[in-house]
Undergrad: 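One structure follows; several queries about it will come next.
We use all heavy atoms of the structure for the numbers below, so side chains are in, but hydrogens, waters and symmetry mates are not.
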Amino acid sequence: MFYFARQQVREHGAWAPTKLTDNDPLYDQLTKEFGPILTTLLLPHQQEIARRATARYLRLARVTVAEHPHRVYFVFPTDRGPEVLVLPSQKRTWQLTAVVLGVLVLIALVVRFVT
C-alpha cells in the first residue's frame, strides 16, 4: 500500500479494537494475515496462566476501475462515514518520475553545452 494512503488511514481511520486471549478464536478478518503471528504471541509461556492482547484493525478496500487505469481508490471507514482516497497508480508514478528525470537530464545537457 502507498505510504500516503497508510498515513491517511492511520490518522483518520475508525480503528476497531479487539481484545484477544489464548482461548478465544481469532476473528475471520485477523486469521488470514495475522493468525499465525497472533496465535504464537498468545500462547502462554512457562509459569504463565494465560495471556491477553489488544489489537486494533481496520477494513480497507483498494479499488481499481477499468475506466481510470491510472488511479487507485482506497476506501476506509472514518467517524464521519466512508472516505475515499484517490492516488495515482504505481505505473503512473513511474511515468511521471521518468518524465521529471528526463527534463532534468535535458536541462543539465543544455546548461553544459551553453556554458
Undergrad: Should we say atom CH2 of W15 is surrounded by more than 12 heavy atoms from elsewhere, each under 6.0 Å from it?
TA: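 Yes, the 6.0 Å shell around CH2 holds more than 12 heavy atoms from other groups.
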Undergrad: Side chain to side chain contact (heavy atoms under 4.5 Å, CB included) with Q8: which of H12, R10, R6?
TA: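 Only match with Q8 under side chain to side chain contact (heavy atoms under 4.5 Å, CB included): H12.
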Undergrad: List the steps and the verdict of side chain to side chain contact (heavy atoms under 4.5 Å, CB included) for L58 and V9.
TA: CA-CA 9 Å; L58 178 122; V9 168; 3.3 Å; yes
Undergrad: Tell me the closest heavy-atom pair linking S89 and V72, and the distance in Å.
TA: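 Nearest pair, atom of S89 first, then V72: CA-CG2, 3.7 Å.
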Undergrad: Taking all heavy atoms of L87 and all of A5, pick out the closest pair and write down the distance.
TA: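 Shortest heavy-atom separation between L87 and A5 comes out as CD1-CB, 3.9 Å.
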Undergrad: CG of L60 to CG of L85: how many Å apart, nearest 0.5 Å?
TA: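 One gets 9.5 Å once the value is rounded to the nearest 0.5 Å.
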Undergrad: For V105, run the side chain to side chain contact (heavy atoms under 4.5 Å, CB included) check against I107, L109, V103 and tell me which one passes.
TA: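 Going through I107, L109, V103 one by one, the side chain to side chain contact (heavy atoms under 4.5 Å, CB included) with V105 is satisfied by L109 alone.
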Undergrad: Quick one: salt bridge (Lys or Arg N to Asp or Glu O under 4.0 Å) partners of R80, sequence neighbours excluded?
TA: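 Only E83 meet the salt bridge (Lys or Arg N to Asp or Glu O under 4.0 Å) criterion with R80.
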Undergrad: State which residues pass side chain to side chain donor-acceptor pair (under 3.5 Å) with Q95; sequence neighbours excluded, sorted by chain then number.
TA: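 Counting only residues at least two positions away or on another chain, Q95 forms a side chain to side chain donor-acceptor pair (under 3.5 Å) with R92.
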Undergrad: If the condition is side chain to side chain donor-acceptor pair (under 3.5 Å), which residues does H68 pass it with, not counting sequence neighbours?
TA: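 For H68, the residues satisfying side chain to side chain donor-acceptor pair (under 3.5 Å) (neighbours in sequence not counted) are R71.
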Undergrad: Report the distance from atom CG of L101 to atom CG of L96, rounding to the nearest 0.5 Å.
TA: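 Interatomic distance, L101 CG to L96 CG, rounded to 0.5 Å: 11.0 Å.
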Undergrad: Tell me whether F76 shares a hydrophobic cluster with F4, the cluster being built from Ile, Leu, Val, Met, Phe, Trp, Tyr side chains joined at under 4.5 Å.
TA: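 F76 and F4: one cluster.
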Undergrad: Does L106 share a hydrophobic cluster with V100, counting links as ILVMFWY side-chain heavy atoms below 4.5 Å and allowing steps through other members?
TA: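 Each belongs to a different hydrophobic cluster.
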Undergrad: Could you go through the side chain to side chain contact (heavy atoms under 4.5 Å, CB included) check for T64 and Y73 one step at a time?
TA: CA-CA 6 Å; T64 56; Y73 301 92; over 6 Å; no
